[in-house]
Amino acid sequence: TVNGYAPISITNFVGGAPTDRFTAEYIRPNPFFAQPKALGLLRVSKCDYWQLDKNTGTATVDVRLYWDETINNCTYASPYVRDLFLAALVVAHYDGATWDTYGAPSTFVGTAAAGNVTYPGVSVFSPFAIGSMDVNNPLAISLNYITGQKQSGNHLLNWKVTCISTPSATLELQRSSDGRNYTGIYSIFATALRCAQPFDYTDNQPAKGTNYYRLKMTDVDGFVTYSTVVTLINANKGIDIMNIAPNPIVNGQFNLRISTAEKTQMELAITDMQGRVLQTRSVTTIAGFNTIPMNVRNLAAGTYQLFGNTVDGRTKVLRFVIQ
């Protein structure tokens with residue numbers, strides 16, 4: 001392994017001033033690589049990451065990460081990236097607990113040997129790493145889906161994985177009451193043949209309030225990755241409007257993730273930053289975890305807000321960017 005310095009750059013300053021100040025640091029390895037990821041983000045580099053901080057100022061910038069096979073290459077993954085899957089590369093952002101957002105795909109320049117990838121319009125800073133929206137950049141297990149629903153006071157979890165290049169995998173379903181500290185509640189050892197079939201587990205003793213579930217996936221070599229988080233509310237009422245993925249939005253479509261304690265009729269509203277309603281949609285959620293596809297092809301590039309209205313009032317507001 002060659003340990004060197006891989007550059008990071010920021011360009012296209014918008015809304016800032018000449019006094020804006022940033023600091024950056026390149027760090028190896030990446031201890032956060034296996035943390036839960038936003039929907040659609042399947043891989044994050046285990047080799048390295050960049051700590052980018054905005055010390056003063058208000059500018060949004062384009063963040064560009066670079067790779068060079070002679071610098072980034074490490075014992076965890078070789079090659080660092082693969083020729084056939086360059087278009088799937090993205091810049092991933094880490095919020096301290098999850099890889100919560102990532103930039104647009106197909107922003108790469110260069111080859112598998114050396115190149116860069118860009119996340120445009122970044123306004124929130126902290127660690128960044130090179131990620132991928134394709135399972136082949138590279139881990140042995142990929143998650144097809146994980147979802148959950150309420151059934152007679154119990155929580156039913158369903159998931160499906162694909163074992164790409166491992167003869168077996170250990171799958172551990174974990175639960176948390178605060179979204180940060182998880183403990184295992186169910187584990188199964190699965191051969192590659194068993195991985196071809198869906199899995200399910202019923203949690204018949206969920207904690208009161210919001211329950212956070214994730215899947216810990218360990219391949220035959222001990223390599224670990226985590227699924228996205230599913231929330232289920234063990235209460236008579238309650239709504240958790242979770243997140244939007246991908247964000248920023250590049251093709252006019254995204255998935256909205258919502259957890260509701262009971263079957264709920266809701267009107268989703270999208271507004272501009274001045275609060276003017278631009279789009280509405282009526283949806284009915286199940287008692288459990290919901291993934292709602294949204295279409296915003298009629299909206300111009302920019303920043304927008306989304307929230308839900310129910311008979312009990314308004315949900316929290318999520319912000320998203322259309323590129």
Side-chain angles (χ1 to χ4, degrees), residues 30 32-46 49 63 65 77 81-82 84-95 97-108 117-124 126-148 158-162 164 179 212-217 224-231 240-259 268 270 289-297 299 301 303-304 306 318-323:
N30 181 1
F32 317 117
F33 77 98
Q35 291 296 92
K37 301 169 184 62
L39 186 66
L41 181 65
L42 300 181
R43 303 288 179 264
V44 172
S45 170
K46 187 177 180 180
Y49 72 96
V63 174
L65 305 183
V81 298
R82 300 181 179 180
L84 294 178
F85 308 104
L86 289 172
L89 292 177
V90 294
V91 175
H93 170 265
Y94 184 62
D95 69 359
T98 64
W99 295 94
D100 61 329
T101 62
Y102 53 94
S106 300
T107 59
F108 75 94
V117 61
T118 302
Y119 189 162
V122 173
S123 60
V124 178
S126 64
F128 293 91
I130 296 176
S132 177
M133 297 177 67
D134 192 287
V135 296
N136 293 293
N137 258 340
L139 283 180
I141 309 170
S142 67
L143 179 73
N144 298 79
Y145 62 81
I146 180 170
T147 189
N158 302 93
W159 66 91
K160 175 74 169 61
V161 299
T162 299
I164 300 169
Y212 302 84
Y213 297 93
R214 71 181 185 186
L215 191 65
K216 178 182 178 181
M217 299 169 284
V224 176
T225 190
Y226 293 88
S227 72
T228 53
V229 175
V230 168
T231 63
D240 182 12
I241 183 166
M242 298 171 59
N243 59 37
I244 288 170
N247 188 10
I249 297 155
V250 294
N251 63 356
Q253 294 181 306
F254 64 85
N255 286 324
L256 174 65
R257 302 171 69 208
I258 300 175
S259 183
L268 301 173
I270 295 175
F289 180 77
N290 299 259
T291 299
I292 301 172
M294 301 289 293
N295 188 323
V296 289
R297 288 194 176 98
L299 299 180
T303 303
Y304 298 88
L306 182 149
L318 298 181
R319 184 174 295 183
F320 65 93
V321 176
I322 299 177
Q323 295 181 341

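Not counting sequence neighbours, the partners of Tyr213 by the side-chain hydrogen bond (donor to acceptor under 3.5 Å, both in side chains) test are His155, Asp203. For Ser123, the side chain to side chain contact (heavy atoms under 4.5 Å, CB included) partners two or more places apart in sequence, or in a different chain, are Thr60. Every residue was checked against the side-chain hydrogen bond (donor to acceptor under 3.5 Å, both in side chains) condition with Ser227, not counting sequence neighbours, and none meets it. Take Gln323 and apply the side chain to side chain contact (heavy atoms under 4.5 Å, CB included) test, not counting sequence neighbours, and it matches Ala104, Pro120, Pro248, Val250, Val321. Here Phe32 pairs with Tyr49, Tyr94 under the ring-ring contact (aromatic ring centres under 6.0 Å, His included) rule; sequence neighbours left out. In this structure, Tyr102 has no ring-ring contact (aromatic ring centres under 6.0 Å, His included) partners at least two apart in sequence or on a different chain. Evaluation of the side chain to side chain contact (heavy atoms under 4.5 Å, CB included) rule for Leu39 yields Ala245, Asn255 as partners, not counting sequence neighbours. In terms of the side-chain hydrogen bond (donor to acceptor under 3.5 Å, both in side chains) criterion, Thr147 has no residue partners (sequence neighbours excluded). Under the side-chain hydrogen bond (donor to acceptor under 3.5 Å, both in side chains) criterion, Tyr212 pairs with no residue, sequence neighbours left out. Taking the side chain to side chain contact (heavy atoms under 4.5 Å, CB included) definition, one finds that Asp95 meets it with His93, Ala97, Thr98, Asp100, sequence neighbours left out.
Screening residues 243-252 for salt bridge (Lys or Arg N to Asp or Glu O under 4.0 Å), with sequence neighbours left out, gives no hits.
Here the side chain of Asn243 pairs no donor or acceptor atom with the backbone of Ile258 at under 3.5 angstrom.
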